[in-house]
Amino acid sequence: MNIEPTYKITDLPISQDVGENIRHLKDIFKNCADIVYEHIAAGPDMCCSAWIVYCETLADQQSSSDILSVLQKLEMHRRGNGEMITSERIREWFEFHGTIDRSYFIHDSLDAVVRMVLQGHVVFFMEHWDRAVSFDGLKLETRGVDEPSAERAAIGPREGTVEKLSLNVGLLRLRLQTPDFKIVKIPSAGRKTGKEVVYGYLDGVVSPTVLEQFEQRIVKVKDCELIDTTMVEKLIQDSAWSPFPQCRYTERTDAATLALLEGKIIVMTQGSGVVLICPALLVEFLQSIEDYYHRRGFTFLIRMLRIAAFLIALFLPSIYVALTTFHSELIPTVLLLAITNTREGIPFPAVIEVIIMEFFFELLREAGIRLPQAVGSAVSIVGALIIGQAAIDSGIASPMMIVVVALTGIASFSIPQYNFAIALRLLKIPFILLAASLGGFGLMIGILLLLMHLCSLRSLGEPYFDPVGPFRPRKFGLLFKAADLNKSGQDAA
Amino acid sequence: MKAWCSLIVWAGIMLLLTGCWSQMELTERAFVLALAIDKGEKDVLHVTSQIYRPASQFGAPSNQRQASAFVNVTLDGSSVSEVIRNTKTVSGRHSQFSHIQIILISEEVARERLSSILDFFFRDPEIRLGTPIMITRGEARDYLTGRPMIENTVGSQVFKQLDFSHYLAGRSISTTILDLAFQLKSESESAMLPIIMNEPEYKQDVVQGIVLAKPDKIVGRIAPDKAAYLLLLANEYHYGILDIPCGRESDLSETLEVVQANSKITPMLRGDKVSARIDVNIKASIGELACTMIRNMADEDRYAKKAERHFKEQMESAVSAIQKKKTDVLGIGHKLYLRHPSRWKKIKPEWPERYARMPIEINVKVDIMNSKMMSPGPFSRIGED
């Protein structure tokens with residue numbers, strides 16, 4: 001994503017001649033209609049010629065007038081002292097960091113000025129001065145803090161992140177009022193997008209080796225054109241070929257806080273409400289923040305349910321294919337007779353039937369996501385009623401198959417993390433093919449390969465399948481209950 | 001990389017060369033739910049397989065209701081496996097035996113040959129060893145025709161009947177292929193098989209009674225009312241109702257509902273004399289009373305003693321019946337062999353004769369647990385005293 005800029009990198013210093021500076025800028029911002037150049041004459045005798053440059057779509061109109069009022073105030077102040085206000089005086093004022101009611105930055109290169117203008121700063125040039133002063137005037141409309149629609153919970157805070165980075169960091173800072181909560185800024189990643197990327201961790205809780213690994217990898221972000229936080233995953237993941245995601249995402253501030261308390265590293269970018277949590281382990285994808293808010297018994301039950309959902313989403317269609325085509329003797333007689341009834345008259349082998357119905361299901365799911373909400377529900381009705389019923393009536397699929405495919409779909413919906421459910425959807429297909437070619441034996445081969453992969457996969461150097469992969473029975477509790485938080489900080493890492 | 005490629009190729013070839021290839025769609029299989037074996041002329045066997053006929057959901061619903069859920073295919077041959085292999089030529093589908101509910105063998109065939117028929121069932125990997133075997137009175141295939149009463153197919157109907165008859169009624173015994181193998185290959189070399197008979201009066205098939213089998217043939221039959229006592233002796237009785245006649249002065253009888261029954265067979269070898277003791281413990285509740293009033297503990301004891309006497313009589317007659325047939329279905333010979341393996345070698349050749357003559361002592365103990373909802377006296381006599 002390394003795109004060379006069309007304009008020459010201007011390590012040009014700011015010239016004493018204001019006119020020349022403005023000419024350069026106009027050259028750089030050619031055909032950028034939203035850049036405004038305002039010429040003003042300041043000083044008692046209009047002696048000081050000055051320019052204000054800003055991007056009107058980013059910066060507040062108020063900011064440029066603020067500058068003017070600052071200058072006026074300066075003038076009044078000086079006049080009271082009986083001194084003449086000159087450009088030198090103003091210059092000195094800024095250079096010695098005199099007090100004004102706005103914070104400002106002083107730049108000495110045109111490159112910096114260009115960047116500042118594009119970040120919504122109002123830049124102020126003055127005659128006979130080889131510096132430029134910029135004021136932050138960024139004003140953007142943001143969405144209000146709202147409950148994230150993808151991560152609803154019955155109980156717990158309804159606070160979600162928004163597209164504004166500073167607000168997001170603030171929301172987190174409010175929840176972690178400790179100097180141990182470190183926020184590291186990478187000011188502008190990517191030459192074109194110039195994203196502000198931030199990563200945070202809880203010092204003392206995060207494992208130093210993980211942090212070191214992470215920092216080595218996150219450096220690369222500077223050369224990447226980022227659009228969303230999710231793209232950071234590609235930089236920090238261990239294996240790009242694995243179907244399993246090695247980062248989690250959340251839009252809930254409480255979930256992000258919890259991740260920090262558990263020793264995770266979070267990444268956020270300007271313009272995206274997605275919080276990336278890494279390193280992620282397999283068991284964590286079956287956990288939800290809500291588990292921490294419920295009583296222990298219910299949490300246990302819901303975790304068991306999710307483990308079952310995980311297995312169903314991954315294996316159910318392949319088990320069905322293996323049982324009906326290879327191991328019909330394993331099906332109880334009454335159920336077998338019921339299945340043979342439903343299968344009778346279906347022209348396709350079970351594996352083709354599964355693939356057709358899975359294809360229908362994925363098609364419906366994709367259509368449902370893309371369409372507007374009102375039409376989307378219509379699609380699901382069409383999908384469920386018309387296609388399902390019609391497929392049965394026309395003899396393409398058996399009712400038992402509809403049950404299998406629907407159950408698989410529902411199970412994959414009940415996985416709390418969407419990106420993990422995608423992995424299961426991907427893996428389902430090779431398992432179906434293995435089951436269709438070698439039956440239970442093929443399934444076993446597939447499961448062995450899967451286990452081998454999971455046990456060798458690392459997430460920022462951490463074993464991904466922990467506590468099952470490196471077999472640690474003492475940590476098995478993590479599978480079934482929410483971690484105790486009253487101990488974290490000392491031995492969580 | 002090259003090593004990996006060749007590894008994958010070799011692994012794939014190895015998988016394909018095993019020869020174990022059982023992939024077959026459900027619609028290519030015919031599920032056999034019951035087998036019936038009858039005698040034809042000379043050594044020919046008539047083998048009937050009951051094949052499940054799946055009801056396709058695409059036909060008109062009215063047709064479906066009329067068509068029965070199964071078809072019977074009968075073929076002749078000199079061996080079971082030959083006939084079964086040929087079944088495909090009739091049904092057009094590959095017969096699958098893993099879900100056989102019951103194997104019916106007609107009395108006529110079983111009287112002549114039993115082991116030679118059974119060989120196929122022990123050998124074939126598809127047939128479950130848990131499949132029950134049953135002897136039929138009359139032609140075995142007749143029991144597979146007609147409409148099942150409740151179940152989908154006649155085969156499963158018969159299987160359920162057998163199950164009930166053994167475990168809840170105590171009128172027959174459920175013997176699986178594996179049980180049969182154990183019994184026939186034990187030192188006693190005798191087995192008990194259930195029997196199904198047709199009651200022409202009511203036009204219904206009933207599973208009741210026990211057939212006594214030797215390895216090569218069946219040798220006799222125990223009537224249903226005696227079967228219960230044989231089961232009690234063999235420790236195979238689970239639940240059921242036992243009759244106690246009122247006595248000389250009336251034809252009425254009373255019943256006990258057995259809640260728990262167990263027995264212990266102790267063979268004894270003193271010098272050259274073989275004898276056996278069988279202790280039977282019955283825990284029962286009162287089923288019906290007709291002529292007995294139980295007012296106190298002494299009455300109850302007396303009643304229990306009466307039941308014990310009656311049961312003992314019945315058991316003795318059952319034992320003498322099996323002794324007369326020289327079939328050691330209680331496994332006394334096998335127990336003796338386990339206790340005295342070296343001396344058994346000498347006993348074994350003449351065992352059937354010695355068994356027929358040996359004294360068997362039976363001790364029965366009846367515990368009356370409760371009288372259910374009512375006070376322990378006959379309903380008809382309440383308020384008489």
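Numbered from 1 within each chain, the chains take letters A, B, ... in sequence-line order. Computed from heavy atoms alone, side chains included, the values below leave out hydrogens, waters and symmetry copies.
Closest approach of B:L26 to A:R343, counting heavy atoms only: CD1-CG, 3.8 Å.
In this structure, CZ in B:F31 is found 7.0 Å from CD1 in A:I331, a value given to the nearest 0.5 Å. In this structure, CD1 in A:I346 is found 11.0 Å from CD in B:E25, a value given to the nearest 0.5 Å. Between B:R53 atom CZ and A:E344 atom CD the span is 10.5 Å, to the nearest 0.5 Å.
Heavy atoms closer than 4.5 Å to chain A are found nowhere in B:E126, neither backbone nor side chain. Heavy atoms of B:E151 lying under 4.5 Å from chain A are absent altogether. Interface remark: A:A436 contributes backbone atoms only to the contact with chain B (heavy atom separation under 4.5 Å).
With chain B as the partner, the residue from A:V334, A:T340, A:L330 showing the most heavy-atom pairs under 4.5 Å is A:T340. Of all the listed residues (A:P332, A:A350, A:S328), the one sharing the greatest number of non-hydrogen pairs under 4.5 Å with chain B is A:S328.
Annotation: B:Y239, atom OH; neighbour count of heavy atoms from other residues, nucleotides and ligands within 6.0 Å does not exceed 12. In A:F413, the CZ atom is crowded: over 12 heavy atoms of neighbouring residues, nucleotides or ligands sit closer than 6.0 Å. The number of heavy-atom neighbours closer than 6.0 Å to NZ of A:K220, taken from other residues, nucleotides and ligands shown, is above 12. The 12-atom threshold is not exceeded at CD1 of B:I150, counting heavy atoms of other residues, nucleotides or ligands nearer than 6.0 Å.
Considering only heavy atoms from C-beta on, B:T27 stays 4.5 Å or farther from A:F348 through its side chain.
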